[in-house]
A.B. asks: 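Input: one structure, supplied below.
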Amino acid sequence: MKKFAVIGHPIGHTKSPVLHEAGFIELEIDATFEAVEVAPGDLASWVNGEFRNYHGVAVTIPHKEALLPLVQKLSPAAEAIGAVNTLYWEEDVICGTNTDCLGALRAIQSELPVLEGKKVLVLGAGGAARAVVFALKTAGAVTAIWNRTTDKAIKLAADFEIDPVESLSSLNPDNFDVIINATSVGLREWKSVLPADFWSPHHVAFDMVYDPLETKFLSDAAEAEAPCVTGDKMLVGQALEQFKLWHGVELEPEVMGTAFFQ
Ligand code: NAP
């Protein structure tokens with residue numbers, strides 16, 4: 001039987017086991033998926049010891065950046081984003097990649113399949129923003145980035161050779177096709193980074209926050225008749241990419257999409 005896990009601290013309530021177990025049942029794969037608490041001080045010894053017992057491991061807060069020096073072979077995505085959310089083996093080599101970028105792409109493309117040349121505004125400059133900016137760049141979108149702490153937006157913009165935006169009030173909303181909330185604003189609160197009158201029907205709105213799924217950001221966009229993409233699409237999308245990597249098979253998105261709501 002193959003063993004998989006998600007590691008984090010505190011590991012708390014994570015959707016990873018239920019998403020992957022739904023895939024095991026669907027494809028009759030003999031495997032287990034557990035949630036494992038790993039304290040930051042124990043990360044290096046866990047990766048170099050316990051990880052031998054697993055075929056693959058998903059990684060959540062706060063270990064995504066700390067894993068970089070512990071992984072022997074990094075994917076170009078993990079290197080560019082500066083974070084690892086998936087561990088796997090190639091023979092005896094510990095490999096790390098980042099599937100958040102492909103998860104974000106799957107989410108946006110559920111509303112807008114072709115991103116080449118589309119103008120995208122990303123709000124936020126944390127780990128999630130880095131993943132989506134990398135994904136947008138590979139898809140050929142033209143991205144601008146705003147962050148509450150401007151220096152972080154400038155740094156991220158320089159890393160990915162995109163445009164930083166210093167002030168939201170200086171922007172013409174008509175200049176954007178897609179607007180993405182990659183801040184934690186809206187997480188268990190009814191707030192949005194954008195004023196409600198920013199939205200028009202021609203925008204596509206994507207909020208990475210998935211607790212709750214219906215956020216003020218998306219509610220304001222929906223009120224203006226803009227199509228909306230909820231945060232579960234990214235969470236499920238990145239797990240589907242992990243599944244493909246670990247098992248070598250594509251899982252129907254609906255299998256994990258339904259499991260998300262269990
Ligand atoms: P992070 O690295 O801690 O970054 C947090 C970001 O939110 C920073 O840009 C921060 O700006 C901004 N922010 C926080 N409070 C703010 C406020 N009051 N006003 C304006 N901006 C504020 O977090 P992360 O890992 O990037 O995650 C960001 C969000 O994405 C979280 O809600 C997370 O749950 C979600 N997420 C979803 C998925 C998914 O699969 N759907 C995956 C990853 C993350 P400063 O730099 O100014 O502090």
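When a ligand or atom number is given, it counts from 1 through the structure's own listing order. Every heavy atom of this structure was used, including side-chain atoms; hydrogens, water molecules and symmetry mates were not. Since the structure is predicted, the reported quantities are computational estimates derived from the model, not experimental observations.
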A.B. asks: Got a sec, which pairs hit salt bridge (charged side-chain N to carboxylate O under 4.0 Å, His left out) with one end in residues 131-144, sequence neighbours left out?
C.D. replies: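 Only Lys137-Glu161 qualify under salt bridge (charged side-chain N to carboxylate O under 4.0 Å, His left out).
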A.B. asks: Which atoms form the tightest heavy-atom contact between Val120 and Ala141, and what is the distance?
C.D. replies: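 Here Val120 and Ala141 meet closest at CG2-CB, 3.9 Å.
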A.B. asks: Are Arg130 and Asp159 close enough for a salt bridge, meaning some N to O gap below 4.0 Å?
C.D. replies: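 Yes, Arg130 and Asp159 are salt-bridged.
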A.B. asks: Using a 4.5 Å cut-off on heavy atoms from C-beta on, say whether the side chain of Val132 contacts that of Leu105.
C.D. replies: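 Not touching, per the 4.5 Å side-chain cut-off.
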A.B. asks: For the pair Phe24 and His20, name the ring-plane relationship: parallel under 30°, tilted 30 to 60°, perpendicular over 60°.
C.D. replies: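 Ring orientation of Phe24 relative to His20: tilted.
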A.B. asks: Give every pair formed by an N or O atom of ligand 1 and a protein N or O atom closer than 3.5 Å, one pair per line with both atom names and the distance to 0.1 Å, or write none.
C.D. replies:
from: ligand 1; atom 1: 2 (O); to: Gly127; atom 2: N; distance (Å): 3.2
from: ligand 1; atom 1: 7 (O); to: Ser184; atom 2: N; distance (Å): 3.2
from: ligand 1; atom 1: 9 (O); to: Ala125; atom 2: N; distance (Å): 2.9
from: ligand 1; atom 1: 9 (O); to: Asn147; atom 2: OD1; distance (Å): 2.7
from: ligand 1; atom 1: 11 (O); to: Asn147; atom 2: OD1; distance (Å): 3.2
from: ligand 1; atom 1: 18 (N); to: Arg148; atom 2: NH1; distance (Å): 3.3
from: ligand 1; atom 1: 26 (O); to: Gly127; atom 2: N; distance (Å): 3.1
from: ligand 1; atom 1: 26 (O); to: Ala128; atom 2: N; distance (Å): 2.9
from: ligand 1; atom 1: 40 (O); to: Leu235; atom 2: N; distance (Å): 3.2
from: ligand 1; atom 1: 41 (N); to: Met208; atom 2: O; distance (Å): 2.9
from: ligand 1; atom 1: 41 (N); to: Gly231; atom 2: O; distance (Å): 3.0
from: ligand 1; atom 1: 46 (O); to: Asn147; atom 2: ND2; distance (Å): 2.9
from: ligand 1; atom 1: 46 (O); to: Lys152; atom 2: NZ; distance (Å): 2.7
from: ligand 1; atom 1: 47 (O); to: Arg148; atom 2: NE; distance (Å): 3.0
from: ligand 1; atom 1: 47 (O); to: Thr149; atom 2: N; distance (Å): 3.0
from: ligand 1; atom 1: 47 (O); to: Thr149; atom 2: OG1; distance (Å): 2.5
from: ligand 1; atom 1: 48 (O); to: Arg148; atom 2: NH2; distance (Å): 2.9

A.B. asks: Step by step, would you call Gln242 with Thr86 a side-chain hydrogen bond (donor to acceptor under 3.5 Å, both in side chains)?
C.D. replies: CA-CA 7 Å; Gln242 291 176 326; Thr86 309; 3.1 Å; yes
